[in-house]
Amino acid sequence: MPETLTDQELVRRAKAQRLRAQGQDPYPPRCERTHTIAEARHGYENGEIANNHAVSLAGRLISIRIMGRASFAHLEDGTGRIQLFFRKDALGDASYEAFKGDLDLGDFVGATGTLFTTKTGEVTVSVERWQLLAKAMHPLPDKWHGLKDVETRYRQRYVDLLVNPDVRRVFVTRARLIAALRRFLDSRGFLEVETPILQPIYGGAAAKPFMTHHNPLDQDLYLRISFELYLKRLLVGGYERVYEIGRDFRNEGVSFKHNPEFTQLEFYQAYADYNEVMRITEEMIAYVADEVLGTRRITYQEHEIDLSPPWPRLALRRAILERTGIDYDQHPTAEGLYQAIRAIGGNVEPKATRGKLIDALLSNYVEPHLIQPTFLTDYPLEVSPLAKMKPGHPDTVERFEGFVGGMEICNAFSELNDPEDQEARFIAMGRDAAAGDEEAHPMDDDFLRALRYGMPPTGGFGMGIDRLTMLLTNQASIREVILFPHLRSKE
RNA sequence: GGGCCGCUAGCUCAAUGGCAGAGCACCUGCCUUUUAAGCAGGGAGUUGAAGGUUCGAGUCCUUCGCGGCUCACCA
């Protein structure tokens, strides 16, 4: 609903009304276009388009300079910008006056004419005829300062995109990155699949879900928090390599690296273990960087980072010991570990479980220092309910997380395929849930039944695509790599 | 949820508690190779919202809304 119109909106409305009164459609259904702007420019520069050969271009008018009986303007389409030159004697009085009177910055315009080079050296279209293609009713932001207000940039992303080419570039990179991931996995024989987003039982991660309801079946449903349990069912079904790229939903706070819905890649490879998955991971990330950026050396927030494999492997226990002096193996109880953390001045939740305390040590003391790519390995079983135990270490699982630029970007493990062990872990989590842990997994009987049919030894992997995009586009906030990030509603 | 910062014209930003301004954009006029075109003139505001203090509030106080950063939880 338009509220009160500004003076500029009233002017544009009046122009559109005037055109309609003259029988002209400000939004015609078709236009003439023989070349993109990039094609016209390159064709002219390499001689393929002759000086007397007319081209028809279409795009948005982004600048106008009127100098009496001649004018310059810039036209922008998805491929670039080019200057237009309008002359009264070439166009005729009516067409030239209409150009001056009917057009505004932001309008879409089609222009036909020949190419020439101005005396300042700019390739320019000498316009012979032009047509309004779509009237813009709202003025563009400042042509020099652009749109800076972060809130407006996110709420009205279309304005951000149309005025800030760098922002457009980020999302092109994001799309290429996802395409490169698919090429990498496809070339290794992975099958891309789709699993339910609406799930009767959620699972596969420690997170609070969104709830919804299916009215005809009168059934409560959850938006998925991960793909894991469904993808593993597919391994039971006989597919040996599967992956899914899609949206996960977690009912938690927003931050510079969290959005309630985010894009995840998960893959599962039968007969692989977590060591094999580490090798795949470092190759995959390096491949994507090569494909998208042409280099494995990236700059992220003042850091020069080399993504080339192999990445160092470091046991989580050693990493925490080196950064804090705390060996959590020496503190087998939550209370003891809590006291040790207090002793080094750490501020943690007193009633946290031992696993959560270890996780806090990782996040607070280790993660920020992992700038160069690093795999931390061998996590506590207690915080890894779907990962296989490390032989000979009953409290530890074969799990790793990958860190780059001080951020966790992926999480993977040798998948637990022992149905009895899995059932025991679900039961233990049921106790956690009863004790008030809102992020504990609920029991998934059908998943257990699937495991009882037999799942091959499997390596599994999950990665936040948004965070990888942040790294490869050097963006400090996840909102800069999500087209329409979650914001609180106004009013 | 806590702390800090911000919200003024379409956009980018000013304004000791004392007449709400500038640049871009817009409107009128001049201008046939300009490019942040230029020159002359003009219009444009519920200063995020609501209260309060004051002779007087964009400015000070309170509450609220939205955003950013940051801490706590997560990927």
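If you're wondering where the values come from, they're calculated on a predicted model, not measured in any experiment. So that the names make sense, note that chain A is the first sequence line, chain B the second, and so on, each numbered from 1.
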Kindly point out which of B/A75, B/G23, B/U34 is positioned nearest to the side chain of A/M67?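 Within the option list, the nearest is B/U34.
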
Of A/T117 and A/T152, whose nearest nucleotide on RNA chain B comes first from the 5' end?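 Its nearest nucleotide being more 5', the pick is A/T152.
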
Determine, answering yes or no, if A/F262 is stacked on B/A75 under the 5.5 Å centre rule and the 30° plane rule.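 Given the distance and angle limits, yes, they stack.
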
Please state the [atom1] separation for the pair [N] and [M] - nearest whole angstrom.
N	M	atom1	value
B/U59	B/G52	P	14 Å
B/G48	B/A9	P	8 Å
B/A14	B/G23	C1'	11 Å
B/G68	B/G18	C1'	33 Å
B/C61	B/U46	P	25 Å
B/A20	B/A44	C1'	13 Å
B/G10	B/C71	C1'	37 Å

Quick one: look up who [N] pairs with, Watson-Crick or G-U, both distances under 3.5 Å, and put none if it's unpaired.
N	result
B/U32	none
B/G45	none
B/G1	B/C71
B/C7	B/G65
B/C60	B/G52

Within-4.5 Å side-chain heavy-atom neighbours: A/H35 and A/R41: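 No, every pair of side-chain atoms sits at 4.5 Å or beyond.
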
Any side-chain heavy-atom pair from A/M284 and A/L185 closer than 4.5 angstrom?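 They are in contact (side-chain heavy atoms under 4.5 Å apart), so the answer is yes.
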
Please confirm whether the backbone N or O of A/P196 pairs with a side-chain atom of A/Q199, one donor and one acceptor, at under 3.5 Å?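 Indeed, once roles are kept as given, a pair shorter than 3.5 Å links the two residues.
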
Testing A/F184, A/F190, A/F227 one by one against A/Y243 for a side-chain contact (heavy atoms from CB on, under 4.5 Å), which residue passes?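 So the option named by the test is A/F190.
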
Basic-acidic side-chain contact under 4.0 Å: A/R12, A/E9: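 The answer is no: the pair does not qualify as a salt bridge.
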
Is the base of B/G23 touched by the side chain of A/D142 through a donor-acceptor pair closer than 3.5 angstrom?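 Result: at least one qualifying N/O pair found.
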
So, does A/K15 get its side chain near the phosphate of B/C27, meaning an N or O under 4.0 Å from OP1 or OP2?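 Looking at the OP1 and OP2 atoms of B/C27, one of them is under 4.0 Å from a side-chain N or O of A/K15.
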
